[in-house]
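In this text the structure is predicted, and so the values were computed from the model without any measurement. Side chains included, hydrogens not; waters and symmetry mates left out as well; all remaining heavy atoms used. To find a chain, count down the sequence lines: A is the first, B the second, and so on, and within it residues start at 1.
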Amino acid sequence: MTTAPVRQDEPPVSLGRVRAEPLDRLSAADISPIVRRVMAAHLDQTRIPAAKFSSFI
Amino acid sequence: MPPGPARAALTEFVLKVHARCDLACDHCYVYEHADQSWRRRPVRMTPEVLRAAAGRIAGHAAAHGLPDVTVILHGGEPLLLGAERLGEVLAGLRRVIDPVTRLRLGMQTNGVLLSERLCDLLADHDVAVGVSLDGDRAANDRHRRFRSGAGSYDQVLRALALLRRPEYRRIYSGLLCTVDVRNDPIAVYESLLAQNPPRIDFLLPHATWDDPPWRPAGGGTAYAGWLRAVYDRWRADGRPVSVRLFDSLLSTAGGGPSGTEWLGLDPVDLAVIETDGEWEQADSLKTAYDGAPATGMTVFSHAADDVAANPLLARRRSGRAGLSDECRRCPVVDQCGGGLFAHRYGAGHFDHPSVYCADLKELVVHVNENPPAPVRLDAGLPDDFIDRLAALTGDRVAIGRLVEAQIAIVRALLAEVADRLPAGGAGADGWAALTALDRGAPESVARIAAHPYVRAWAVDCLAGTGTGARLGPDHLNALAVAAALDAGTPVRLDVPVRSGRLHLPTVGTVLLPEVGDGAARVETGPGSLRVTAGDVTAVIRPGTPGDAPRWWPARALTTPDVSVLLEDADPHRDCHRLPAGDRLDDAAAGRWAETFAAAWQVIRDEVPGHAEELRTGLRAVVPLRRSGAGVSEASTARQAFGGVAATETDAGSLAVLLVHEFQHSKMNALLDICDLVDGTRTIGITVGWRPDPRPAEAVLHGIYAHAAVAGIWRIRADRQVDGAQAVYRRYRDWTAEAIGALQRADALTPAGSRLVRQVERSMSGWPA
Ligand code: SF4
């Protein structure tokens, strides 16, 4: 995943556009905020890894 | 809600399978610190010890009804066992523990000896492999050196390149990095990230008050400063990878569990088994004093319950009560928890804060004051959308909007999976076919994208955390074939096969035991599939009902006004809190069809608005494996909107379960597009339906689901159904009390408050 910082001043991404545009016309600007939001929620959910043992990741 | 494991149970076991190491890292607690017990122990764990250990773990899991246990192979260096003995150890553990509970296997290695052969073996036994790496070459080789003094960086990078290969990616568990404040924090972070790990953790070097950590002159909280720099960069990056330390602090900030033994107040439920079969407490105690981890018990003489009762272990499971006075009074104790137990040692006892106390305090405050900012999405929702979704009578149109938003989200995830494909690699053909179909038959692509477990797969893929039968990016080819069949468009693609199964979402599963793990060529024709793998060719007519020798068609649960998939084959359906069942035989599928049809009548009769919602948004029902407790259980998954998983039950119960779980699914979909909880508030809220305090988001889920359940039982009470009045009151009271508690906690955004107020208003006319 890219590590370019998220700019909080950008307008929110339109889900309607992502649904309507052909898949191969979607740009990184269209999809990246959605992916970041979903993956952040996923991280929040799965934050708790399988093991608590600190000497294993 | 199933009962959680009993408090006294241990769920995590560290097996010291090899007591020596091929590196001689000078910060290693096993050899270089106070405890020197390694000198008298056998080098390898013997088969007798392993058998006894596996038996103790299986017995413990059975006695406590544990849904899963984790066993971590550790050392020394576990790979020094060699492929043959390692294979015997893994097979032995699976043979004894698998029949009793879900066994999660893990291994921490320095990576030096990792080879293709070993990766195959570890993948075969589904072992999550964590690797120790301290950063870039200079940082890593500062400590992680061979006895000759040569650095291990090149060997570790070679191991990581192996683990990143598509065939091994699913066993790559993460990177463990020990902090040295002399290294540049950003260079370390970037070099770890460059290895594309699914997870990272930063560990503080083991130290005690008797033997404090090295600090630069005047560097009072140098460790906090170092970690703050990494946190700030990670946050600015949009959290591209899970970092256990930061995730733990964010989780406990919201009242959630810490998930690691070195932070928070979660009870520590792990024990160590040494090569000679001795039970030990946490390994890190080796840093405190010689003999510190000892319990005086062995796997031959004592069960895990005896170990759990050991006073020091019991203390580490007693939360705040087990801490020093200073920690108990500390404002950040819920998140810090006094740090790693070993780091509290000094002057013969553990009644101290951590030797890193000042660093921990500064870091916790910094994280709390600088939470990650949510990314905003514009779902084009009308002003009254929240009110409509909060209406307990159900609102089909509002669910339609959620479905549309979900399809957009899945499209974005598919595009991201495709974006990360290597040029011309597996999955590229599928993506080309899918994009062509999206132009010619967009409704077919939308139907596949709406299948709940497509999103679950995409998220697994992007997180790099899939295990077992889960599929990689080449699953795009399977999605394209499924969409092509829906559209009646011919395609020819190589589709992945896992454990002899080629799965086409929403269509069915081709059985190819000859292939095992690999791929098969699939060609779609009018109403047919031709599948070729080596000498095997199968022609399948997906529309024909009934299992065929090589074909399990997807089955539907159908009534005159609704049809949902009976999902018992998609590998990604197993993303629920509870384990999914296997493919049903015809008799069991028939029972499900009958029960579902009867449950549907109940829903239509009792809560017709919810029936309309389910008709719009419910896509799949996943049969769950029945647990030992024998009670009805059900679950929704955050990443699978429209999927409800449940154990087989009667129609009246299934009706309630479907409505209850779909409320969770709706809430998950709403949280995807709308911020309802204020992420900056640190709280745990006590609710009626759980013994432990819950974070705000979980309380919101509970309110939303239980209000709907109360609504059903209110109707049943009106109709004088036996016992319904008491159930109605219980759910209504739980919901009303939780609404009050959540409002008092002031943990919601304006949208979240509006939703809760609306639920409260909907309930206000209900009878006492
Ligand atoms: S910050 Fe210090 S006093 Fe507070 S809980 Fe942590 S170690 Fe104890």
| said: Donor-acceptor pair, distance only, cut-off 3.5 Å: does the side chain of A:H42 make one with the backbone of B:R638? | reply: no
| query | Counting only N and O atoms by type, is there a donor-acceptor contact under 3.5 Å from the side chain of A:K52 to the main-chain atoms of B:P267? | reply | yes
| field | Any donor-acceptor N/O pair, A:R36 side chain to B:D237 backbone, under 3.5 Å | value | yes
| task | Test side-chain contact (heavy atoms from CB on, under 4.5 Å) on B:D438 and A:D24 and set out the steps. | result | CA-CA 9 Å; B:D438 192 47; A:D24 50 1; 5.9 Å; no
| request: Pick one of side chain, backbone, both or neither for B:R411, based on which atoms fall under 4.5 Å of a heavy atom in chain A. | output: both
| task | Name the member of B:I407, B:D201, B:L175 that forms the most heavy-atom pairs with chain A at distances under 4.5 Å. | result | B:L175
| query | For B:I200, is it the side chain, the backbone, both, or neither that has a heavy atom closer than 4.5 Å to a heavy atom of chain A? | reply | backbone
| said: Is B:I72 close to chain A through its backbone or its side chain, or both, or neither, when contacts mean heavy atoms under 4.5 Å? | reply: side chain
| query | Do side-chain atoms of B:E404 reach the backbone of A:G16 as a donor and acceptor pair under 3.5 angstrom? | reply | no
| Which heavy atom of B:G106 sits nearest a heavy atom of A:F56, and at what distance? | CA-CZ, 3.7 Å
| field | Under 4.5 Å from a heavy atom of chain A, the part of B:L414 involved | value | neither
| query | So, do A:S55 and B:H74 sit near enough that their side-chain heavy atoms are less than 4.5 Å apart? | reply | yes
| query | Does any heavy atom of chain A fall under 4.5 Å from the side chain of B:L203, the backbone, both, or neither of them? | reply | side chain
| If you look at every heavy atom in B:R239 and A:A40, which pair is closest and at what distance? | NH2-CB, 3.3 Å
| message | My understanding is that only one of B:L381, B:D378, B:I409, B:D672 makes a side-chain contact (heavy atoms from CB on, under 4.5 Å) with A:L15; could you say which? | response | B:I409
| query | Rounded to the nearest 0.5 Å, how far apart are CZ of B:R199 and CD1 of A:I57? | reply | 5.5 Å
| query | Is a side-chain N or O of A:R19 found less than 3.5 angstrom from the main chain of B:Q406, in a donor-acceptor match? | reply | no
| field | Greatest number of heavy atom pairs closer than 4.5 Å to chain B - which of A:D30, A:I34, A:L26 | value | A:I34
| field | Main-chain N/O of A:F53 paired with B:E12 side-chain donor or acceptor, under 3.5 Å | value | yes
| task | Tell me, out of B:L413, B:L263, B:V14, who's got the most heavy-atom pairs with chain A below 4.5 Å. | result | B:V14
| chain B: which of A:L23, A:I31, A:V18 shares the most heavy-atom pairs with it under 4.5 Å? | A:L23
| field | Heavy-atom pair count under 4.5 Å with chain A, highest-scoring of B:D419, B:V445, B:L340, B:D269 | value | B:D269
| note | If you tally heavy-atom pairs under 4.5 Å between each of B:G174, B:A408, B:G130 and chain A, the highest tally belongs to B:A408
| query | Any donor-acceptor pair under 3.5 Å linking the side chain of B:R244 with the backbone of A:S54? | reply | yes
| message | If I measure from the heavy atoms of chain A, does B:E697 come under 4.5 Å with its side chain, its backbone, both, or neither? | response | side chain
| SB check A:R37 B:D675 (cutoff 4.0 Å) | yes
